[in-house]
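Data block below; observations after.
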2 protein chains.
Amino acid sequence: MTDDPKSGGATDLTHENDKPRTRIQKVNRKKILDAALEVFSAQGFRGATLDQIAAEAGLSKPNVLYYFPSKEAIHAALLAGLLDIWLAPLRAMDPQGEPRDEIMSYMRRKLEMSREMPRESRLFANEVLQGAPRIGDGLSTDLKALVDDKAAVIRDWIAQGKLAPVDPHHLIFSIWALTQHYADFDVQVRAVLGPDTDPFDGAGKFLDMLFTRLLTP
Amino acid sequence: MTDDPKSGGATDLTHENDKPRTRIQKVNRKKILDAALEVFSAQGFRGATLDQIAAEAGLSKPNVLYYFPSKEAIHAALLAGLLDIWLAPLRAMDPQGEPRDEIMSYMRRKLEMSREMPRESRLFANEVLQGAPRIGDGLSTDLKALVDDKAAVIRDWIAQGKLAPVDPHHLIFSIWALTQHYADFDVQVRAVLGPDTDPFDGAGKFLDMLFTRLLTP
DNA sequence: CAACAATCTGACCGATTGGTCAGGGTCACG
DNA sequence: CGTGACCCTGACCAATCGGTCAGATTGTTG
């Protein structure tokens, strides 16, 4: 009974397939995920409602639940790829490259992500702020492994005298903190700078200078 | 009708008085605010429930609503004093003091606050992350005024050659970002560093070094 | 154009939410 | 020790929440 062998062209399996099968599925799943990113990043998981997401996506609530089995599933689908996207710039840091260039490039790419993907940044910030209840394990396994790996690389660079001696872990934290701040605290930054200043212009120059001074032996 | 002249010993005015009148009021309002800080900072405003707050405070839900008229009012009471507490260290920055000492002290005090008051930090972060809907005006008036004021002081210091030339606003942002990161993203930082390392020990040394290098002409 | 799968909807459900209320217990003070 | 203000509670309410379902509508394919 629970199994359904003759599910040849069966309906209702939508939820079990990660990859959209039809054109309409592709379009609507995209609509929903985009709407959910908007709402979750602005309200947090518990603060967001399916009605908001449905309205933002231009669909009815039952229709949203036709494509995803639950609110949790939508949130999970968003977070699923996010950690990888988020850490891609750090992964791209090349142990064979020129140390200061590599770190400066990483920092610039992270700042670029804050500018181009502020909603993703806030989604992630909301999750971590509230104790990372739905991503938790990924932090102490994948994330920790990657950071430890790159920290070792940085330590080597320092040992070779190519970099000023700094704690590699806290160096990475400082890049996260300084770049993500401009996405996560956007309203505060803009409130202080006033409406006619682009935060990212000044941030780019300032962070270039800061890390140049920090890393030069 | 709306006015009530003969409110001699009337009950039910509890909500309109900011100052607790009796011993029990003082104790229970404190309990509620402390519980609310715990819950709001961990779940955000919409994610928190009155039942959670009541349970955390060891009171019944109707009893909580005996001391505060609504969930909003509890949240507002928490935020009311928070901005002032939060900015006190910046206010304490003395234009007459030694520039680098003043800024280093400010940074250290902010880091200390992240260590000692992480819940307040996260409450504030939640509010700003979600667009500061209930504090909004305070940012573009009080906060902006204070920051602009101190930025002018820093600009003077730089003009006198006592400080390396840096954008004062972004310097202040960098202090906020770097210190608050350790409170707001605590779980992430601890996940990366592992369970046996105190994030704040390393942070203290790292930030001292960073800002020394940044500010020395 | 039939016929079946895929898509969509209004109506509805139980659980949880913030908040109310009538009344009972407790405290302080004359 | 009584009396009135203060404190507290169980029971309850309307609104909103995430989610279900039967069936109408649309798309696709032979």
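Just so it is clear: chains get the letters A, B, ... in the order the sequence lines come, proteins before strands, and each one is counted from 1. Keep in mind the model is a prediction, meaning the values are calculated, not measured.
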(request) Round to a whole Å and report the spacing from CD1 of A:Ile32 to P of D:dG19. (result) 13 Å
(message) A cation-pi test, strictly: NZ or CZ of A:Lys71 under 6.0 Å from the centre of the six-membered ring of A:Phe45 and no more than 45 degrees from its axis. Yes or no?
(response) yes
(request) Quickly work out the A:Lys31 NZ to C:dC8 C1' distance and round it to whole Å. (result) 12 Å
(message) For a quick test of reading the model: is some side-chain N or O of B:Gln25 closer than 4.0 Å to OP1 or OP2 of D:dC7?
(response) yes
(request) Over all heavy atoms of both residues, which pair between A:Ala92 and A:Arg109 is shortest? Give the atoms and the distance, please. (result) CB-NH1, 3.3 Å
(request) For each nucleotide in nucleotides 25-30 of chain C, reading 5' to 3', give B when a protein heavy atom comes within less than 4.0 Å of its base, S when such contact involves only the sugar-phosphate, and - otherwise. (result) ---S--
(message) Does anything in residues 38-50 of chain A come within less than 4.0 Å of DNA chain D? Heavy atoms only, and list the residues if so.
(response) A:Ala48, A:Thr49, A:Leu50
(message) Distance check, rounded to the nearest 0.5 Å: A:Leu50 atom CG versus A:Leu59 atom CG?
(response) 12.0 Å
(request) Not counting sequence neighbours, list each pair that qualifies as a side-chain hydrogen bond (donor to acceptor under 3.5 Å, both in side chains) and has a residue in residues 194-209 of chain B. (result) B:Arg108-B:Asp208
(request) Please state how far atom CD in A:Gln52 lies from atom C1' in D:dT16, giving the value in whole angstrom units. (result) 12 Å
(message) Using every non-hydrogen atom in the two residues, find where B:Ser114 and B:Ala183 come nearest and quote the distance to one decimal.
(response) O-CB, 3.6 Å
(request) Calculate the interatomic distance between B:Asp51 atom CG and D:dA11 atom P; express it in whole Å. (result) 15 Å
(request) Please report, rounded to the nearest Å, how far the P atom of D:dC21 is from the CG atom of A:Leu65. (result) 12 Å
(request) Search all heavy atoms of B:Leu139 against all heavy atoms of A:Ala191 and return the closest pair with its distance. (result) CB-CB, 3.8 Å
(message) If you define the side chain from C-beta out and look only at heavy atoms, does anything of A:Ile53 sit under 4.5 Å from A:Phe40?
(response) yes
(request) Check whether any side-chain nitrogen or oxygen of B:Tyr66 sits under 4.0 Å from OP1 or OP2 of D:dC7, and answer yes or no. (result) yes
(request) Please check the phosphate of C:dA6 (OP1 and OP2 only) for any side-chain N or O of A:Asn28 closer than 4.0 Å. (result) no
(message) Whether A:Thr22 contacts C:dT7 is assessed here as follows: a side-chain N or O lying under 4.0 Å from the phosphate OP1 or OP2. Is that the case?
(response) yes
(request) Please report, rounded to the nearest Å, how far the P atom of D:dC12 is from the NZ atom of B:Lys61. (result) 14 Å
(message) Checking B:Ile172 against A:Val192 for the side chain to side chain contact (heavy atoms under 4.5 Å, CB included) test, could you report, in this order, the C-alpha distance in whole Å, the side-chain angles of both residues, the deciding distance, and whether it holds?
(response) CA-CA 11 Å; B:Ile172 292 174; A:Val192 168; over 6 Å; no
(request) Mind calculating the distance between CG (A:Leu59) and C1' (C:dT9) to the nearest angstrom? (result) 12 Å
(request) Output yes when at least one side-chain N/O atom of B:Ser60 is less than 4.0 Å from OP1 or OP2 of D:dT9, else no. (result) yes
(message) With a cut-off of less than 4.0 Å, is there a side-chain N or O of B:Asn63 near OP1 or OP2 of D:dT9?
(response) yes
(message) Given D:dG19, C:dG10, C:dC8, identify the nucleotide with an atom nearest to the side chain of A:Tyr67.
(response) C:dC8
(request) Grab the two heavy atoms, one from A:Gly138 and one from A:Leu83, that are nearest each other, plus how far apart they are. (result) O-CD2, 4.1 Å
(request) Find out whether A:Leu214 and B:Met209 are in side-chain contact, i.e. whether some heavy atom of one side chain is under 4.5 Å from a heavy atom of the other. (result) yes
(message) With hydrogens left out and only the distance checked, is there a donor-acceptor pair under 3.5 Å joining B:Lys71's side chain and the base of C:dG19?
(response) no
